[in-house]
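Here is how names work: the chains are called A, B, and so on, in the same order as the sequence lines, proteins then strands, and each is numbered from 1.
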There are 2 protein chains.
Amino acid sequence: MPRPSQKDQILAAARRLFSEKGYHGTTIREIAVEAGVLSGSLYAHIESKEDLLFEIADEGAEAFLLAARAVESKWQHPVDRLREGLRAHIRVVADQQESAKVFFHEWRALSDDRRKVIQSKRDRYEVHWRRWIEEGMAQGAVREADPKFVRLCLLSVANWVYQWYRPGGEFTPEDIAEHFWTLLFNGIGVDRPAACELLGEA
Amino acid sequence: MPRPSQKDQILAAARRLFSEKGYHGTTIREIAVEAGVLSGSLYAHIESKEDLLFEIADEGAEAFLLAARAVESKWQHPVDRLREGLRAHIRVVADQQESAKVFFHEWRALSDDRRKVIQSKRDRYEVHWRRWIEEGMAQGAVREADPKFVRLCLLSVANWVYQWYRPGGEFTPEDIAEHFWTLLFNGIGVDRPAACELLGEA
DNA sequence: AACTATAAAGCAAGCGCTTGCTTGATTAAC
DNA sequence: GTTAATCAAGCAAGCGCTTGCTTTATAGTT
């Protein structure tokens, strides 16, 4: 295996620093130190600081899109797609936490053109979810409700993972996905109305 | 009603700009323009740029704490507290979107001491939710599950509202809270097992 | 194996500009 | 007549990025 190219090391440094301190809070000189070169030398590999931001935000966008396509081709039933979509989403957030963080937060710092590129990938990702949810409702497997709120329920929970997840902690991404799916699909309320309990006992 | 003091106008300018472009992405000169003075004149009212950040992040923290205390004193049953807590939380995020955004995002830019102040208020807020959830479980009204994930479910959904809510849009904060509560409490899955449907028809 | 040609990569220095903040004089309010 | 607020001007430091030059790695020729 070839050792990582210098460009990769610079990207890794920027990824870490942007995700930790934000784009505007990170200087070219800090990235250079973390990559082990002088700041001027960065420009043999990149064109601008914003280039780095775009590349990292795009990594995030692509990771989510890739995950959605994989789920869609592997599973057919809408409920399977929602469950596995949630799992895949959480896996991206947890395993590519830095890129995901930059994707969620720092795209505002991009120039208009590049922001549009990221925005359009975000939109395409949402379309997958909208489709899964509407198919689930059509089949009677998902509660009849405003699909927008169903989507927001699932994605809010999955997105927020980047705020608290720490690698090597108590829970793996799989654990997290399972816990959330159980709660989101069945609700945080008690299992079933009292009448149903009676039925079970009868 | 007295017109807003100059300090208030400076705070309002900083609140808007910090929430839109981030702390590091906002300059003292921009705040001054928005407040209608020259940048030097700001320093008759503030001690430093970071003072502004702290004050705004603290507004957010206090708004959430205040809301939780109000819910706790007005409602006794855990499920009521959870439902009304969700509603109150979403109201804060929507009505004080700028402070909430700064509270969620920009506290990283604070000095250690001040970050700890904000962090401890965040912790105190979480204690309310943890208590409500555990009481709900003890009473058999909330599904037996890891309380941490129940809390994260509710708060993730409510927090993420700041990412998409636009004042004057299709939904009021009350609408949003109601939609989410229905979905979170009952689940996004179909209403009930088939056996219960039969019972209903009997 | 030794020498040279070429290009990639790194360095020290510093460019023009912006940053947060300070200063000393001036104005306005009571 | 005192005090607080505002101004124009500017400070030191740091910003993203460029420059001119040197080092290092690779390839081809002998």
Side-chain angles (χ1 to χ4, degrees), chain A residues 1-58 102 105-115, chain B residues 1-58 102 105-115:
Chain A
M1 196 172 75
R3 66 177 177 80
S5 75
Q6 194 67 286
K7 175 70 185 286
D8 288 340
Q9 277 190 262
I10 293 168
L11 263 175
R15 205 180 287 119
R16 210 190 65 68
L17 288 164
F18 288 170
S19 78
E20 184 189 318
K21 325 191 341 165
Y23 176 72
H24 289 301
T26 301
T27 70
I28 280 287
R29 284 163 177 84
E30 287 172 319
I31 297 171
V33 167
E34 182 117 346
V37 292
L38 290 200
S39 67
S41 310
L42 290 185
Y43 288 86
H45 305 275
I46 66 169
E47 296 232 312
S48 68
K49 186 187 174 189
E50 202 204 293
D51 276 8
L52 284 172
L53 175 59
F54 176 73
E55 230 165 304
I56 294 166
D58 196 55
V102 172
H105 273 116
E106 305 298 331
W107 56 272
R108 292 166 189 278
L110 286 168
S111 66
D112 278 2
D113 285 354
R114 289 173 147 175
R115 189 167 49 232
Chain B
M1 196 172 75
R3 68 176 177 79
S5 74
Q6 193 68 285
K7 175 69 185 286
D8 288 340
Q9 278 190 261
I10 293 168
L11 264 175
R15 205 180 288 119
R16 209 190 66 69
L17 288 164
F18 288 171
S19 79
E20 184 189 318
K21 325 189 346 161
Y23 175 72
H24 289 301
T26 302
T27 70
I28 281 288
R29 284 164 177 82
E30 288 172 319
I31 298 171
V33 167
E34 181 116 348
V37 291
L38 291 200
S39 67
S41 310
L42 291 184
Y43 288 87
H45 305 275
I46 66 170
E47 296 230 311
S48 70
K49 186 188 175 189
E50 201 204 292
D51 275 10
L52 284 172
L53 175 60
F54 176 73
E55 230 165 304
I56 294 165
D58 196 56
V102 172
H105 272 117
E106 305 298 330
W107 56 271
R108 292 166 189 278
L110 287 168
S111 66
D112 278 2
D113 285 356
R114 289 173 146 173
R115 189 167 49 230

Exercise. Report the C-alpha distance between A:L110 and A:Y23 in whole Å, list the side-chain angles of each, state the deciding distance to 0.1 Å, and finish with yes or no for side-chain contact (heavy atoms from CB on, under 4.5 Å).
Key: CA-CA 10 Å; A:L110 286 168; A:Y23 176 72; over 6 Å; no

Quiz prompt | Check against side-chain contact (heavy atoms from CB on, under 4.5 Å), B:L52 and B:R15 | solution = CA-CA 8 Å; B:L52 284 172; B:R15 205 180 288 119; over 6 Å; no

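Contact annotation: B:H45 reaches the phosphate of D:dT6 (side-chain N/O to OP1 or OP2, under 4.0 Å). Between B:Q6 and D:dA4 there is no side-chain polar atom (N or O) within less than 4.0 angstrom of OP1 or OP2.
The backbone N or O of A:H24 lies less than 3.5 Å from no partner atom in the side chain of A:K49, so there is not a single donor-acceptor pair. Between the A:R29 side chain and the A:S39 main chain, no donor and acceptor come within less than 3.5 Å of each other.
Atom CG of B:L42 and atom C1' of D:dA5 are 12 Å apart (whole Å). The CD-C1' distance, from A:E30 to D:dG14, rounds to 11 Å in whole Å. For the pair A:H24 NE2 and D:dG16 C1', the interatomic distance rounds to 13 Å; values are reported in whole Å. When rounded to the nearest whole Å, the span between NZ of B:K49 and C1' of C:dT22 equals 17 Å. The distance between atom CG of B:L53 and atom P of C:dG20, rounded to the nearest whole Å, is 12 Å. The distance from atom CD1 of B:I28 to atom C1' of D:dT6 is 16 Å, rounded to the nearest whole Å. When rounded to the nearest whole Å, the span between CD1 of A:I46 and P of C:dA8 equals 18 Å. Whole-Å rounding puts the B:Y43 OH to C:dG20 C1' distance at 5 Å.
Under the 4.0 Å criterion applied to side-chain N and carboxylate O atoms, B:R114 and B:D51 are assigned as salt-bridge partners.
Using a 4.5 Å heavy-atom threshold, the side chains of A:Q6 and A:V37 count as touching.
Side chain of B:S48, nearest nucleotide from C:dC21, C:dA9, D:dC17: C:dC21.
Residue A:R29 places no side-chain atom within donor-acceptor reach of the base of D:dG14, judged by atom type and a 3.5 Å distance cut-off alone.
Closest of all the heavy-atom pairs between B:I46 and B:K7 is CG2-CE, 4.2 Å.
Annotation: proximity of residues 33-41 of chain B to DNA chain D (heavy atom, distance under 4.0 Å) is found for B:V37, B:L38, B:S41, numbered in ascending order.
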